[in-house]
Amino acid sequence: MPKITLPDGSVREYDKPVSALEVAESIGSRLAKAAVGAKVDGALTDLSTVIERDAEVAIITEKTRDGEQDTDALYLLRHSAAHVMAEAIQRIVPGAQLVYGPPLEDRFYYDIRFPDDRPLKEGDFEAIEKEMAAIVKDDRAFTRYELPLDEGMTKLKGEGSKYKLDNAERAVAAGSGALSFYATGEPGKNWEDLCRGPHVPSTGRVGAFKILSLSSSYWHGDENSDRLTRVYGTAFFSKKDLDQHLERLEEAKKRDHRVLGKALDLFHQDDDVGQGLILWTPRGAQVRKQLQKFISRELERQGYTEVFTPHIGKLELYKTSGHFPYYQDSQFPPIVDRENLNRLAGDGCSCAQLANLMGEGDINGFLLKPMNCPHHMKIYGSRPRSYRDLPVRLAEFGTVYRWEQSGELNGMTRVRGFTQDDAHLFCTPEQLGDELQGCLELVKIIFDALGMDDYRVRVGLRDPDSGKYVGDPAKWDAAEQACRDAAKTLGVPFSEEPGEAAFYGPKIDFVVKDVIGREWQLGTVQCDYNLPERFDLSYIGADGQAHRPVVIHRAPFGSMERFIGVLIEHFSGAFPLWLAPEQVRVMPISEKSLDYGRKIHEQLVEAGFRATLDDSDERVQLKIRRGAEMKVPYSVIVGPKDEEAGTVSLRVFGLPDAQGSLPIAAFVEALQNEDASRGKKRAADLLATPAS
RNA sequence: GCCGCUGUAGCUCAGUGGUAGAGCGCACCCUUGGUAAGGGUGAGGUCGCGGGUUCAAAUCCCGCCAGCGGCUCCA
């Protein structure tokens, strides 16, 4: 007879097997009413699941005890909403075949194969939602039943859905002993779907939902396989929560770096220039410049030396490095020089033959560099190195070009030409650990300065079962341990991911989320035993013998494009003073104060600030509004009173109540403090904030 | 690259077969105004590009280009 242990530690005994619902009822009728599912020994189940043995049981309700939305409850809800949506869609589009419909973090989708002559359109959303509302109103119970494998398979075969049949086969392969189905209502009478579950008790619990978007996917994620339509939706228990969520999505859209980039004039992309190529407008260029200045200063502190290398190199170079043969598909095709081209043309070479020659690399030419490493390898190798010179740390804001698939391009976060904050560290195997730590310290310093704490770290290790890795296993072990240690010292949570290492060495990746919740890999720190080999690099050790150095590739912020894209979203475009493209805008109250305004502006510029003067013939209210629209940190208002007193009156972006006047010298000093401290000391602190 | 959606003024968008609109921005004039929009006048568009249907196309059809949402990939 089951002994049920509840989350509070209390134990209840039952004289026969009980369903989770019955457990809830025995605790209280209100709980039973609020219950949407259960967790039995940690596994999420239906409320109707019968518990036959001793177990730890938690009843899942819409809200946790602290009144928060329960994530398990939302999972059940969204999974159930996916069923409701699928039923609605099948009513509207007969012949639509269901494939796979899981809940996600904040929404759900269903992959569906539509008949070719009846694709789903966004215009169908309204009808589907209406149909869904009707199903919800019916408040039919989600009814689970199981069939033995053979019976279940026969049933599925009879229904003729190759996708569901495939799902079932995969379930069997994964060790399932039976197939479970969920009917919304009565099996055999109402709509049903092969499904692992679990679900909320009935369709009536699906409170508020919305179909969000339409996209496509491939069966099994294989582009050569069937193309499916993926219908995204989201669901909440209450209309209020749904509306809140939709509002948040709207808000997020406003923070999107592509939207802000345009509104704040930070960057521009132009059809005539090309897809995935960023034009940094003056304001965006200023942000990048300040950031690079900061990074460069930290690099100097850490003993890096900066280098500059060209944007192209001989094809041969990239054959040596291995980039050309291995990653050809993501490179721009080689550049063949005119002489070569003319000779080939003279020989009657066809386009197809030329393409072939290029593909094989069997031609002289140049490549737009997809990586900076080969050039840096050559700098290292340009003269003999002693162990006393090591580590050699070569840094470059190096621009590289990669042929990303057109469908992948995205604002500044996925582009075809970008500048990496790249560096290569050449060191002895013994120095590897310290150097890795140094890399991570740098990342920490810069993330801290930017107030970025929402990132995760992945340590990519080799897959023990794969033979694709180059180099000595003992060295790998040491390098992997060094990566782990370095990540530990960083003091942020990290995950170890076997199989995620590059073939030439383990790596540490930094991943951040954008406002829409998409994850982007920023930087990476990678150990490399391969390139030094390929370029035959060496140093003379204390023993007088030549040794192979180890290389660390590191671009902790990935690319300036992606990083600043993420930064724009991080700050909602309101950059701190030290990064702001326009730090101060001087706004004379009227023409009468224009001369004084000019004087103040000049003083600010002289003091090294990015200051502008709004000398337009407008009222100060409008000038302030415009300054705020561009998110300028400080608005300096000057009128006759200021002129008389030698002061400036301030308005601080984001702090509309912090107002007041300061002598100009005091303001300049305060700004300098804020700039130099990267915001730790704020000029705004000098202002009286009215008690509220 | 694939699937779907979208493309109208510098920006945001309205316009479903009958000669193209609004708000903001811009220019000029009036206004000289103390912390988020003072008033007026005006300029500005081969309706993404190319083809087709039609007496007539921003609008319907086809192709292409680009953006967006996904899929796949990412040294």
Side-chain angles (χ1 to χ4, degrees), chain A residues 109 111 113-114 119-125 212-232 253 256 258-259 262-265 268-276 318 321-331 370-374 400 402-411 414 420 501-505 507 509 516 518 520-521 524 526 528 530-531 553 555 558 587-594 616-629 635-642 649-653 655-661:
Chain A
Y109 68 81
D111 278 344
R113 170 78 200 195
F114 285 91
L120 199 70
K121 298 241 161 93
E122 277 174 13
D124 293 319
F125 287 5
L212 296 174
S213 63
L214 220 49
S215 65
S216 86
S217 59
Y218 301 104
W219 195 28
H220 298 169
D222 174 4
E223 66 177 298
N224 298 313
S225 189
D226 297 4
R227 273 191 293 277
L228 311 170
T229 301
R230 179 168 293 184
V231 191
Y232 280 94
K253 246 190 229 164
D256 191 312
R258 294 164 297 189
V259 173
K262 206 175 252 182
L264 303 179
D265 196 10
H268 172 67
Q269 289 185 85
D270 198 296
D271 285 1
D272 293 336
V273 174
Q275 271 188 298
Y318 300 97
S321 69
H323 293 121
F324 181 74
Y326 294 137
Y327 304 111
Q328 221 187 98
D329 287 348
S330 42
Q331 291 163 4
M371 291 286 255
N372 297 305
C373 3
V400 297
R402 297 181 191 176
W403 187 262
E404 301 288 355
Q405 296 190 98
S406 65
E408 265 312 314
L409 299 172
N410 183 286
R414 189 58 148 253
Q420 295 180 309
F503 71 88
Y504 48 74
K507 61 176 184 174
D509 290 334
I516 331 177
R518 286 183 291 207
W520 296 99
Q521 183 183 318
T524 175
Q526 310 188 341
D528 188 347
N530 181 44
L531 273 190
H553 304 254
M587 306 170 181
I589 283 196
S590 76
E591 218 175 317
K592 288 177 189 155
S593 306
L594 190 50
S616 66
D617 184 19
E618 296 291 352
R619 297 172 70 202
V620 72
Q621 284 87 337
L622 186 64
K623 295 184 182 185
I624 285 166
R625 183 185 159 87
R626 290 188 179 163
E629 275 171 351
S635 295
V636 166
I637 292 127
V638 291
K641 283 182 240 164
D642 293 293
S649 299
L650 296 179
R651 187 186 172 91
V652 187
F653 183 83
L655 296 170
D657 293 334
Q659 294 174 9
S661 297

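Just so we're on the same page: letters track the sequence lines, and every chain starts at 1.
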Student: Starting from the 5' end of RNA chain B, give me the residue, A:Phe653 or A:Lys592, whose nearest nucleotide shows up first.
Tutor: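 On the 5' side of the pair lies A:Lys592.
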
Student: So do A:Met371 and A:Ser321 actually touch side chain to side chain, heavy atoms under 4.5 Å?
Tutor: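 Side chain of A:Ser321 against side chain of A:Met371, heavy atoms only: no contact under 4.5 Å found.
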
Student: Within the structure provided, determine whether A:Pro588 and A:Val638 are in side-chain contact (heavy-atom separation under 4.5 Å).
Tutor: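 The answer is yes; the side chains approach within 4.5 Å.
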
Student: Measure from the side-chain heavy atoms of A:Ser649 and tell me the nearest of B:U32, B:U35, B:G33.
Tutor: B:U35

Student: List for me each residue that meets side chain to side chain contact (heavy atoms under 4.5 Å, CB included) alongside A:Val273, sequence neighbours excluded, and say none if there are none.
Tutor: A:Asp270, A:Leu277, A:Leu279

Student: For the C1' atoms, the ones on B:U54 and on B:G18, what distance do you get once it is rounded to whole angstrom?
Tutor: 12 Å

Student: With 3.5 Å as the limit, what N/O pairs link the protein to nucleotides 22-27 of chain B?
Tutor:
from: B:G25; atom 1: OP1; to: A:Arg626; atom 2: NH2; distance (Å): 2.9

Student: Output the rounded distance in Å from CD1 (A:Ile637) to P (B:U35).
Tutor: 8 Å

Student: Start at the 5' end of RNA chain B and walk down; is the nucleotide closest to A:Pro640 or to A:Met371 reached first?
Tutor: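 Per heavy-atom nearest nucleotide, the more 5' residue is A:Pro640.
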
Student: Rounding to an integer number of Å, can you tell me how far A:Asp226 CG sits from B:C71 P?
Tutor: 18 Å

Student: From A:Met587 CE over to A:Leu622 CG, what is the distance, rounded to the nearest 0.5 angstrom?
Tutor: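 The CG atom of A:Leu622 is 9.5 Å from CE of A:Met587, to the nearest 0.5 Å.
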
Student: Go through the structure and list residues passing side-chain hydrogen bond (donor to acceptor under 3.5 Å, both in side chains) with A:Gln331, not counting sequence neighbours.
Tutor: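 side-chain hydrogen bond (donor to acceptor under 3.5 Å, both in side chains) list for A:Gln331, sorted by chain: empty.
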
Student: Report the distance from atom CD1 of A:Ile589 to atom C1' of B:G38, rounded to the nearest whole Å.
Tutor: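 Atom CD1 in A:Ile589 sits about 15 Å away from atom C1' in B:G38.
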
Student: Across the strands shown, which category fits A:Gly411 at heavy-atom distances under 4.0 angstrom: base, sugar-phosphate, nothing?
Tutor: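 A:Gly411: backbone/sugar contact only, no base atoms under 4.0 Å.
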
Student: Can you name the side-chain hydrogen bond (donor to acceptor under 3.5 Å, both in side chains) partners of A:Arg625, sequence neighbours left out?
Tutor: A:Glu629

Student: Once the angle between the rings of A:Tyr326 and A:Phe503 is folded into 0 to 90°, is it parallel (under 30°), tilted (30 to 60°) or perpendicular (over 60°)?
Tutor: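 Perpendicular: the ring planes of A:Tyr326 and A:Phe503 meet at over 60°.
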
Student: Counting the atoms with a prime plus P, OP1 and OP2 as sugar-phosphate, which does A:Tyr326 contact under 4.0 Å by heavy atoms, base, sugar-phosphate, or nothing?
Tutor: nothing

Student: The criterion is salt bridge (Lys or Arg N to Asp or Glu O under 4.0 Å); which residues satisfy it with A:Asp226, sequence neighbours excluded?
Tutor: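 Residues passing salt bridge (Lys or Arg N to Asp or Glu O under 4.0 Å) with A:Asp226: A:Lys162.
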
Student: Looking at the base of B:U35, is there any donor atom on it, or on the side chain of A:Gln621, that sits under 3.5 Å from an acceptor on the other one?
Tutor: no

Student: Does the side chain to side chain contact (heavy atoms under 4.5 Å, CB included) test come out yes or no for A:Lys623 and A:Ile589, once each step is laid out?
Tutor: CA-CA 9 Å; A:Lys623 295 184 182 185; A:Ile589 283 196; over 6 Å; no

Student: Pick the P atom in B:U19 and in B:C2, then give their distance to the nearest Å.
Tutor: 39 Å

Student: Taking Watson-Crick and G-U wobble pairs with both distances under 3.5 Å, convert RNA chain B into its dot-bracket string, 5' to 3', dots for unpaired and | for cross-strand pairs.
Tutor: (((((((..((((....[..)))).(((((.......))))).....(((((..]....))))))))))))....

Student: Base, sugar-phosphate or nothing for A:Tyr504? Non-hydrogen atoms, less than 4.0 Å.
Tutor: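 Sugar-phosphate contact only.
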
Student: Below the 4.0 Å mark, does B:G34 have OP1 or OP2 next to a side-chain nitrogen or oxygen of A:Arg619?
Tutor: no

Student: Would you kindly give the CD1-to-P distance between A:Ile624 and B:A36, to the nearest whole Å?
Tutor: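 So the two atoms are 5 Å apart, to the nearest Å.
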
Student: Tell me, please, which residues at least two apart from A:Asp271 pass side chain to side chain contact (heavy atoms under 4.5 Å, CB included).
Tutor: none

Student: Using a heavy-atom cut-off of 4.0 Å across all strands, would you classify A:Asp329 as base, sugar-phosphate, or nothing?
Tutor: nothing

Student: Between B:C65 and B:G51, how far apart are the two C1' atoms, rounded to whole Å?
Tutor: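 Rounded to whole Å, the distance is 14 Å.
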
Student: How far does the C1' atom of B:U53 sit from the matching atom of B:G69, given to the nearest Å?
Tutor: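 Each nucleotide's C1' atom is 32 Å from the other's.
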
Student: Suppose you measure atom P in B:A58 against the same atom in B:C47; what distance do you get, rounded to whole Å?
Tutor: 7 Å

Student: Sugar-phosphate atoms are those with a prime plus P, OP1 and OP2; base atoms are the rest. Using that split, label each nucleotide of nucleotides 1-10 of chain B B, S or - for protein heavy atoms under 4.0 Å, 5' to 3'.
Tutor: BBBSS-----

Student: Please give the distance between the P atoms of B:G42 and B:G23 as a whole number of Å.
Tutor: 13 Å

Student: Rounded to whole Å, please give me the gap between CZ in A:Arg414 and P in B:G70.
Tutor: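 After rounding, the reported distance stands at 13 Å.
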
Student: Which nucleotide in the set B:U12, B:G33, B:C74 lies at the smallest distance from any side-chain heavy atom of A:Lys262?
Tutor: B:U12

Student: Below 4.0 angstrom from OP1 or OP2 of B:A36, is there any side-chain N or O of A:Arg651?
Tutor: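 For B:A36, OP1 or OP2 has a side-chain N or O of A:Arg651 closer than 4.0 Å.
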
Student: Within less than 4.0 Å of OP1 or OP2 of B:A75, is there a side-chain N or O belonging to A:Asn372?
Tutor: no

Student: Need one value for A:Ala502: base, sugar-phosphate or nothing, where a base atom within 4.0 Å counts as base even if backbone is also close, heavy atoms only.
Tutor: nothing

Student: Rounding to the closest angstrom, what is the interatomic distance between B:C28 and B:G63 at atom C1'?
Tutor: 46 Å

Student: So, using side-chain hydrogen bond (donor to acceptor under 3.5 Å, both in side chains) as the criterion, who are the partners of A:Gln526 when residues are at least two apart?
Tutor: A:Tyr504, A:Thr524

Student: Rounding to an integer number of angstrom, what distance separates B:G7 and B:C29 when you compare their C1' atoms?
Tutor: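 These two C1' atoms come out 37 Å apart once rounded.
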
Student: Under the side chain to side chain contact (heavy atoms under 4.5 Å, CB included) test, which residues partner A:Ser590, sequence neighbours left out?
Tutor: A:Lys592

Student: At under 4.0 Å between heavy atoms, what does A:Pro656 touch on the DNA or RNA strands: base, sugar-phosphate, or nothing?
Tutor: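 Contact class for A:Pro656: none.
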
Student: What is the distance, rounded to the nearest whole Å, between atom CD of A:Gln328 and atom C1' of B:A75?
Tutor: 14 Å

Student: Where the side chain of A:Ser213 is defined as all heavy atoms beyond and including C-beta, which of B:G69, B:C71, B:U35 is the nearest nucleotide?
Tutor: B:G69

Student: What's the verdict on side chain to side chain contact (heavy atoms under 4.5 Å, CB included) for A:Val259 and A:Lys253, showing C-alpha distance, side-chain angles and the deciding distance?
Tutor: CA-CA 8 Å; A:Val259 173; A:Lys253 246 190 229 164; 5.8 Å; no

Student: With sequence neighbours excluded, what pairs up with A:Tyr218 under the side chain to side chain contact (heavy atoms under 4.5 Å, CB included) test?
Tutor: A:Glu223, A:Arg227

Student: Measure the distance from CD on A:Gln331 to P on B:A75 and round it to the nearest whole Å.
Tutor: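 Result: 13 Å.
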
Student: Let me know the distance between CD of A:Gln269 and P of B:A66, rounded to the nearest Å.
Tutor: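 Atom-to-atom, A:Gln269 to B:A66, this comes out as 12 Å.
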
Student: Taking donor-acceptor contacts at under 3.5 Å, does the side chain of A:Ser330 reach the base of B:A75?
Tutor: yes

Student: Could you list the residues that satisfy side-chain hydrogen bond (donor to acceptor under 3.5 Å, both in side chains) with A:Ser661, not counting sequence neighbours?
Tutor: A:Ser649

Student: Among B:U32, B:U35, B:A75, find the nucleotide with the atom closest to the side chain of A:Ser590.
Tutor: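 Of B:U32, B:U35, B:A75, B:U32 is nearest to the side chain of A:Ser590.
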
